[in-house]
Every structure is written in structure tokens, then in C-alpha cells.
Chemist: 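Once you've had a glance at the structure underneath, I'll fire off some questions.
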Amino acid sequence: MTASAPVEPLPLDEVDLTDLDRFSDGTQPWRMFHTLRHQDPVHWQPEAAPNSGFWALTRHPDIVAVDRDPETFTSTRFVNLEEVDDDQIAKRASILELDGTRHRALRTLLQRQFGHSVISRYTDFLRGLTVRTLDAALPLGTFDFVTHVAADFPINVLARLLDVPPEDNRRLIDWGNRIIGNTDPDYADVLLDDPDSERYRDLPFRSPAATEVFAYGRELARQRKGGQGDDLITRLVNQTPRDGVPLSAQDFDNYFLLLVVAGNETTRHAISHTMLALTQHPEQLDLLRRDPGLLPVAVEEFLRWASPVYHFRRTATRDTELGGRPIRQGEKVVMWYASGNRDEDVFPDPYVFDVTRTPNDHVTFGKTSPHLCLGNLLARTEIRIMFEELIPRLADIRLSGPVRRVRSNFVNGIKELPVTVTLR
């Protein structure tokens, strides 16, 4: 089976979206999603204790409908599969786990910093940073694309937005790996399903790395309090949310941790998946080489194809119905964005990687949800500039070893992407 061929469906009774090892081979998730979309698009997925199971949504329209309806499907009971109590919610909730007025108030604190007028001012910086990253990586000839390009570039962007020194980049990457990779033994301090993780139940993702991120962020906040800078930290600590409720120390901790993680991980994985797709579909790489003007359209296909976040969860606030299935108040409802991005009713030939695809109504960033990714414009700009600079330099690029993926059903990540390049 090639990467662009229709997948071979998995028998419905073999589907298990909680089996993390199935998310490490690059094919089984798509086989499971295909089966569910066609046979059981609102599917009850049992879970091991202490979790209680969830409804898996795999069709694009259902995902969009739930994402747009926070009154019926709330984020306030958490957006990951872990089931948490009220005490954990009170300690761990970030902007992701809020709805309504408070969510909008905290979102507005930094919304302008991720808008067109500000991001457009970063274009020259992003291009210069891209050139520096590629100048260091490409002469190596054979190298790990994740380490030398896909991880290096977005973390330098994040360091600029936070106004922290580049020598801290390695720590920022390490923290993101340990927190988001909490189900991968290569990354996690304590695996999420390890009984020892109970010691860290009040920390985001149950990761001990969160305490290090908090300490780092608090020192930055102390230094920037009362300052006039334009960085994200100064903006956070010197503004009052428009609902009039000041940002508490805990609010700041969780907001800062989200910036560190979300500001790096998803763009990194989107760039890695795009490079893998272009090596597997050299005709698409050649098309972009011949017509660079296609790149803004191609970026949307990169994002659809990569789907760097597999899912987000909501919780039903009342009894309702989806796809003819009764949903009870308090039950988890999980939007599998990656599956929505392969929905045949929305994307003709969804398993074909097509850089000319338009329209491209992907749900990678949450579409028109109130929780639409705050940094979506920055991510699109980073990805576009990366491949505008990279593609003209490549005469050829090939895989030089096995691709290793993050063991996770939350983040669709690539750990290692060994390549050999020939330059023009």
C-alpha cells in the first residue's frame, strides 16, 4: 500500500483508538478511521479503568458541529482523554479548558500578537531564521530532518516571541517532548498510564516537566512585570483581561506552559510530515519547484495531510444525539480531526497528496470553533516560508532510514526523519 492509495479498512471489531502502539506505524490509525467513517461514524470506544470510554466522531460534519457548539459540548471538563476531578480542573485548566466569557477574555490578551498586522512584521525575521536553519542543516548531506530543521526552526521562532535567549532552545524542546510525549517511553519522565503518574496528577499532562516550565515562566514574569516590551510574556503580565478578572499566578503558569508546548510541537510535526510526504511524492515536489506560486495553496494541503493533532475532546453538558446515537450528559465526545481531514464526502481522493487541492476545508486548526488555534496564521506563515526557501535548494531528497513516530493517539508526531539531500 502506498502512502497515497486508499487504505485497507480494519475490521470494526479490531478498532481500538486507545491502543497507542497502533499509532506508531503510520498506517493503522488511517485504517481505523476509514472503517469508523464508513461503518460507525459515532462510535463508542471503551477505555481501561479509571477512564469510562468515549464517543469517537470521525466524519467532518460531526466534528465541525461539535467544535462550534460549546454550550452542548464543553471544554471545561478537559480536552484530553484523561478524566479529571474538580480539584484537578481547578489547578490544571488553561485557556483550552475554558469556554464563554473567560475563555474569550484570556484569548484576547494575546490575540493581536498572532494577527495579520503583527505576523506580517515577522516575515523578514522568519525568512532569515529559515535561511540560517537550512544553511546549517543541508550541507550535512545526510541528517535527521526533525532535529536539524523541523524542530530547530519553530523553537527559534518561539524564543523570539517570548524574548528568551537562543541558548534556552534545547530546554524548550525538551520540555515540549516530555510533556506532550507523556505516553512515549522515549520522552516521558513517567508514562501517563504508569501508576506512579498519580504523584503528578495535579500537573498538566501529569508531567513533572511542568514544574520546570512553571519555574522558568515565573522568573520571566518577575523580570517583565511593569515592562514595556512587545513580547508575549510582557503582554501577559501587564494586562488585565477584558472581563476584569486579573490573571492569577496559576492562570499565568498554565497559559505560559501552553505557549511553550503549542508554540513548538504542532508546527514542528506539520513540517516533518510535509517533508515526508514530499519525499514520497516527488512529482508534487517537482510541481512546487516549477511553480512556487502554488505554495500558499499547498500549505493547506500540508496541514490537511499532516493533521499534527489527532483529536480534541469535549464533554456533553446535556442529553443529546449525534448521528442517531444517544449521547448522555457527562459523556466524553472526541473529535478525531485527523479522520475528518480524510473524509471522502469533503475531500475527493482524500488519500492523494495534492498540492493543488482547492477548496481545502480541513479541520486541522479547529475551523470556525471558538477554540480556533490562536497561532494558526503564524504556523501557516512559518510553513510557507520554510518550503519557499527549502524547495529551490533541493535537487533531490530521499529517506535514508526508518521513520520513527511518537507513541501517542493525541499528537501525530514524527521523532526521526533521516534524509539524504542533493543540492542544486
Side-chain angles (χ1 to χ4, degrees), residues 3 17 20 23-30 33 58 60 63 67 79-81 96 114 145-147 149-155 157-158 172-173 175-184 187 205 258-280 298-313 334-343 347 350 353 360-367 369 371-387 403-417:
L17 297 171
L20 302 180
F23 287 81
S24 301
D25 74 350
T27 59
Q28 288 201 64
W30 309 108
F33 297 149
T58 49
H60 187 282
I63 292 166
D67 221 0
V79 297
N80 303 123
L81 296 180
L96 290 179
F114 291 101
F145 187 85
V146 173
T147 300
V149 178
D152 181 79
F153 175 53
I155 206 65
V157 175
L158 177 64
L172 294 170
I173 291 173
W175 287 330
N177 287 343
R178 289 160 62 196
I179 292 169
I180 289 292
N182 65 346
T183 56
D184 189 313
Y187 287 152
F205 297 89
L258 181 62
L259 290 172
V260 167
V261 172
N264 168 47
E265 289 285 324
T266 52
T267 305
R268 159 188 168 179
H269 294 312
I271 290 172
S272 297
H273 278 290
T274 298
M275 193 70 264
L276 175 60
L278 291 171
T279 64
Q280 294 172 326
V299 165
E300 301 309 309
E301 180 71 346
F302 297 167
L303 291 164
R304 182 191 75 89
W305 190 262
S307 297
V309 175
Y310 277 122
H311 73 259
F312 270 115
R313 160 204 167 182
V334 179
M335 304 171 292
W336 290 88
Y337 294 134
S339 177
N341 282 342
R342 297 293 193 277
D343 190 332
F347 306 100
F353 179 65
N360 198 328
D361 196 26
H362 65 78
V363 292
T364 298
F365 291 124
K367 205 168 159 46
S369 162
H371 286 271
L372 173 70
C373 174
L374 193 61
N376 76 87
L377 177 59
L378 175 61
R380 285 180 159 104
T381 304
E382 289 182 62
I383 295 166
R384 174 179 57 79
I385 290 175
M386 168 56 68
F387 288 97
V403 178
R404 297 182 64 232
R405 291 173 166 83
V406 180
R407 181 180 180 269
S408 173
N409 63 0
F410 176 56
V411 60
N412 182 17
I414 295 178
K415 290 191 286 195
E416 292 183 18
L417 181 62

Chemist: With a 4.5 Å cut-off on side-chain heavy atoms, are L378 and E382 touching?
Modeler: yes
Chemist: Return the CD to CZ distance between E300 and R384, rounded to the nearest 0.5 Å.
Modeler: 11.0 Å
Chemist: Just by distance, with hydrogens left out, do T364 and N341 show a side-chain donor and acceptor under 3.5 Å apart?
Modeler: yes
Chemist: So that I know where these two stand, are Y310 and Y337 an aromatic pair - ring centroids less than 6.0 Å apart?
Modeler: no
Chemist: Parallel, tilted or perpendicular for F312 and F410, by the 30°/60° rule?
Modeler: perpendicular
Chemist: Check L303 against P308 and note the closest heavy-atom contact, atom names and distance.
Modeler: O-CD, 4.3 Å
Chemist: Does NZ or CZ of R342 come closer than 6.0 Å to the centre of the six-membered ring of W336, within 45° of the ring's axis?
Modeler: no
Chemist: Between E416 and R405 (salt bridge meaning N to carboxylate O under 4.0 Å), is one present in this structure?
Modeler: no
Chemist: For W30 and A338, work out which heavy atoms get closest and say how close.
Modeler: CZ3-O, 3.4 Å
Chemist: Going by heavy atoms in the side chains, are F205 and N80 under 4.5 Å from each other?
Modeler: yes
Chemist: Is a donor on one side and an acceptor on the other found under 3.5 Å between the side chain of H273 and the backbone of N412?
Modeler: yes
Chemist: Taking the side chain as C-beta and beyond, is there a heavy-atom pair between F145 and I271 under 4.5 Å?
Modeler: yes
Chemist: Starting at CG of N177, measure out to CG of N264 and round the result to the nearest 0.5 Å.
Modeler: 7.5 Å
Chemist: For F153, does the six-membered ring have the charged nitrogen or CZ of R268 within the cation-pi criterion, i.e. under 6.0 angstrom from the centroid and within 45° of the normal?
Modeler: no
Chemist: Would you compute the distance between atom CE of M386 and atom OG1 of T267 and round it to the nearest 0.5 angstrom?
Modeler: 10.5 Å
Chemist: For the residue pair G366 and D67, what are the closest heavy atoms and their distance?
Modeler: O-OD2, 3.2 Å
Chemist: Is there a donor-acceptor pair under 3.5 Å between the side chain of D25 and the backbone N or O of Q28?
Modeler: yes
Chemist: Would you say the side chains of N376 and R380 form a donor-acceptor pair under 3.5 Å?
Modeler: yes
Chemist: Does the side chain to side chain contact (heavy atoms under 4.5 Å, CB included) test come out yes or no for H269 and V411, once each step is laid out?
Modeler: CA-CA 9 Å; H269 294 312; V411 60; 3.5 Å; yes
Chemist: Work out which heavy atom in S272 is nearest to a heavy atom in V146; give both atom names and the distance.
Modeler: OG-CG2, 3.5 Å
Chemist: Out of the candidates K415, R407, R404, only one should pair with D184 under the salt bridge (charged side-chain N to carboxylate O under 4.0 Å, His left out) rule; please name it.
Modeler: K415
Chemist: Does some side-chain heavy atom of E265 sit less than 4.5 Å from a side-chain heavy atom of V309?
Modeler: no
Chemist: For residues H362 and W305, determine if any side-chain heavy atom of one lies less than 4.5 Å from a side-chain heavy atom of the other.
Modeler: no
Chemist: Which pair of non-hydrogen atoms, one from F23 and one from P29, has the smallest distance, and what is that distance?
Modeler: CD2-CG, 3.6 Å
Chemist: Measuring only between side-chain heavy atoms, which start at C-beta, is Y187 closer than 4.5 Å to V406?
Modeler: yes
Chemist: Return the NZ to CE distance between K367 and M335, rounded to the nearest 0.5 Å.
Modeler: 13.5 Å
Chemist: Should F347 and H60 count as side-chain neighbours, where that means a heavy-atom distance under 4.5 Å?
Modeler: yes
Chemist: Going from OG1 on T147 to CG on L417, what distance comes out if it is rounded to the nearest 0.5 angstrom?
Modeler: 10.0 Å
Chemist: Should the pair D361-R304 be classified as a salt bridge under the 4.0 Å nitrogen-to-oxygen rule?
Modeler: no
Chemist: Minimum heavy-atom separation for D152 to I155, with atom names?
Modeler: O-CG2, 3.3 Å
Chemist: Are the side chain of N409 and the backbone N or O of L17 linked by a donor-acceptor pair below 3.5 Å?
Modeler: yes
